[in-house]
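In what follows, every heavy atom counts, from backbone to side chain, and hydrogens, waters and symmetry copies are set aside. Remember, it's a predicted structure, so these values are computed and weren't measured experimentally.
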Amino acid sequence: MLSASLPPLPHHTLLKDIRALSQAHQMPVLLVGGAVRDWLIGAASADLDFAVQGNAIALARAVANVLGGHFYVLDHARGAARVILRTDGQAHLSNIATPSSLILDFSTCRGATWEDDLLGRDFTINAIALDLRALDLGSPDCKSPDSKSPDSKSPDLGHRVLLDPTGGLADLSRRIIRQVRPNAIAGDPVRALRAARLALALAATIEPDTARAMRQAAAHMSRPSPERVRDELMKLLELPNAAQGVRLLDSCELLGAIVPEIKAMRACTPASPHVFNVLEHTFVVMDYADRLLAGQFAADLCFAPDGAQWAKLTDHFAQSVTGERSRAALFRFALLLHDSGKPATHVMDAQGNLFFPNHAAAGAELAGRRARALKLSNDETRRVGLIVRHHTRPNQMARTGETSLRALYHLWRDAGDCMPELALLCVADGMGKAGANTPLEDRQRRGRMAKWILDTYYTRFAPAVAPQPLIQGEDVLALGIAPGPKIGQMIESVREAQMAGDITTRAEALAMLRLIADDSRRP
């Protein structure tokens with residue numbers, strides 16, 4: 001239940017500045033949507049949405065100019081603009097406990113009244129608004145004066161003026177996801193994905209009519225832009241229980257509408273020791289990956305990094321590739337498609353057992369195609385492809401007991417800084433064979449391999465510790481080798497020896513280079 005005693009309103013200094021600007025421009029403003037919802041349940045938000053009675057684009061530009069933010073128009077026709085504020089080192093934002101940036105979205109009020117605007121939103125818990133005009137923003141407590149806003153239709157909760165024409169407060173208290181109107185999802189199918197994400201993030205129940213609308217929206221997922229679909233999917237994959245969310249999307253028939261490759265995966269069932277079809281195997285792998293990313297290293301995984309290694313892993317997966325999506329979300333996207341190549345590559349032996357030669361390469365092609373269709377960046381698409389293409393190599397190394405530096409160098413040369421992803425995937429992929437019934441010996445082999453890969457990567461291959469090459473192209477040219485592919489091959493041979501620990505000094509590198517050059521001249 002919501003408490004009448006709520007925490008102080010976040011961003012009160014910022015809201016005070018925005019209210020002053022809105023009054024100067026004679027444009028009333030409401031704080032709406034997720035920021036209000038999160039505040040009511042005691043959470044902070046780095047995204048603030050404002051409904052404006054007036055020219056929202058002009059107000060957003062004024063906010064950016066006064067507060068030193070970056071401004072751009074989201075939608076001229078609908079009167080929507082965004083301001084991005086850097087919060088680090090900004091005195092007027094010093095009370096904001098957020099990441100290094102804060103996103104402020106301003107949109108022109110939909111309809112003639114505030115109620116019209118709120119009734120046009122997606123879910124009741126997002127249709128609660130805070131009227132800035134009626135608040136005393138002189139302190140974080142933000143208590144309202146005695147009089148309410150003339151537009152307020154709702155009681156004053158905790159001495160703060162809230163507008164709640166759709167019953168969002170009651171639904172939020174009971175953790176229920178309910179569309180505002182019967183056609184809210186039908187009018188914008190992306191809202192079906194958002195409903196799943198909110199249910200997951202808030203541990204909420206989806207109201208039956210809303211759940212039906214989500215399933216009906218699956219047939220219309222081609223209507224929204226790929227970018228909007230991508231953004232909602234990736235936000236879900238950012239959540240610590242993303243595997244549960246992917247299962248929810250599948251139960252609503254939404255996953256196949258976004259990632260059609262899963263249809264063939266569901267119909268493909270490998271032989272023993274696998275006990276799941278390829279799609280269920282994928283879900284199980286994602287379940288275990290969520291545990292690993294959360295630091296839940298139970299004994300059954302046979303894998304537990306030490307404190308220093310875990311700190312590096314945490315930092316690695318929190319990093320973003322584009323500034324919008326974390327490595328953790330991108331990793332989960334790759335997990336979803338890591339075995340997508342199996343259905344097209346399966347062969348059956350005389351005993352009826354299925355094998356999947358080169359399925360990783362085939363899966364990398366499919367994953368890259370899906371990433372491009374969803375408009376992931378080129379770098380994100382490349383990384384997804386690397387993870388899928390090379391995900392079987394640590395498994396093979398674990399099976400054969402391969403622990404040479406040269407073999408690991410070859411993997412690092414091909415996969416680069418995706419090595420931590422491959423290490424965790426080695427563990428999770430093994431558990432995907434039979435879940436808790438996966439043979440102990442297999443779990444132990446994979447756990448040892450993942451630990452060794454991470455130990456070696458962070459002490460020898462990671463960008464922060466990898467030694468500089470001992471030779472350059474001019475060293476090869478100085479030996480009289482003509483320009484061409486041979487130069488790169490010779491440099492790579494020396495680099496491999498260096499990273500494998502066979503040579504450690506420039507003198508040794510030059511001596512090896514001369515031997516290679518002499519060999520290349522022999523008839």
Asp75 side-chain N/O to Arg78 backbone N/O, donor-acceptor pair under 3.5 Å: yes

Pairs involving residues 370-391, ordered by first then second residue, that meet ring pair (Phe, Tyr, Trp, His ring centres under 6.0 Å) (sequence neighbours left out): His338-His391, His359-His391

All pairs passing side-chain hydrogen bond (donor to acceptor under 3.5 Å, both in side chains) where residues 182-191 contributes a residue, at least two apart: Asp188-Arg228

Summary of salt bridge (Lys or Arg N to Asp or Glu O under 4.0 Å) pairs that have at least one residue in residues 202-221, sequence neighbours excluded: Asp209-Arg212

side-chain contact (heavy atoms from CB on, under 4.5 Å) involving Asp287 - partner list, sequence neighbours excluded: Ala243, Arg247

side-chain contact (heavy atoms from CB on, under 4.5 Å) partners for Asn378, two or more places apart: none

For residues 54-69, please give each side-chain donor-acceptor pair under 3.5 Å, one per line with the distance, not counting sequence neighbours.
residue: Asn55; atom: OD1; partner: Ile57; partner atom: N; Å: 3.2
residue: Asn55; atom: OD1; partner: Ala58; partner atom: N; Å: 3.0
residue: Asn65; atom: ND2; partner: Arg61; partner atom: O; Å: 3.3

Salt bridge (Lys or Arg N to Asp or Glu O under 4.0 Å) contacts in which one or both residues fall within residues 44-60, not counting sequence neighbours: none

Partner residues of Ala127 under the side-chain contact (heavy atoms from CB on, under 4.5 Å) criterion, sequence neighbours left out: Leu118, Arg121, Thr166, Val180

Residues which pass ring pair (Phe, Tyr, Trp, His ring centres under 6.0 Å) with Phe303, listed by chain and number, not counting sequence neighbours: Phe297

Contacts of type ring pair (Phe, Tyr, Trp, His ring centres under 6.0 Å), residue His70, not counting sequence neighbours: Tyr72

Residues forming a side-chain hydrogen bond (donor to acceptor under 3.5 Å, both in side chains) with Thr381, sequence neighbours excluded: none

Selection residues 373-386 - residue pairs positive for salt bridge (Lys or Arg N to Asp or Glu O under 4.0 Å), sequence neighbours left out: Arg325-Glu380, Asp379-Arg382, Asp379-Arg383, Arg383-Asp417

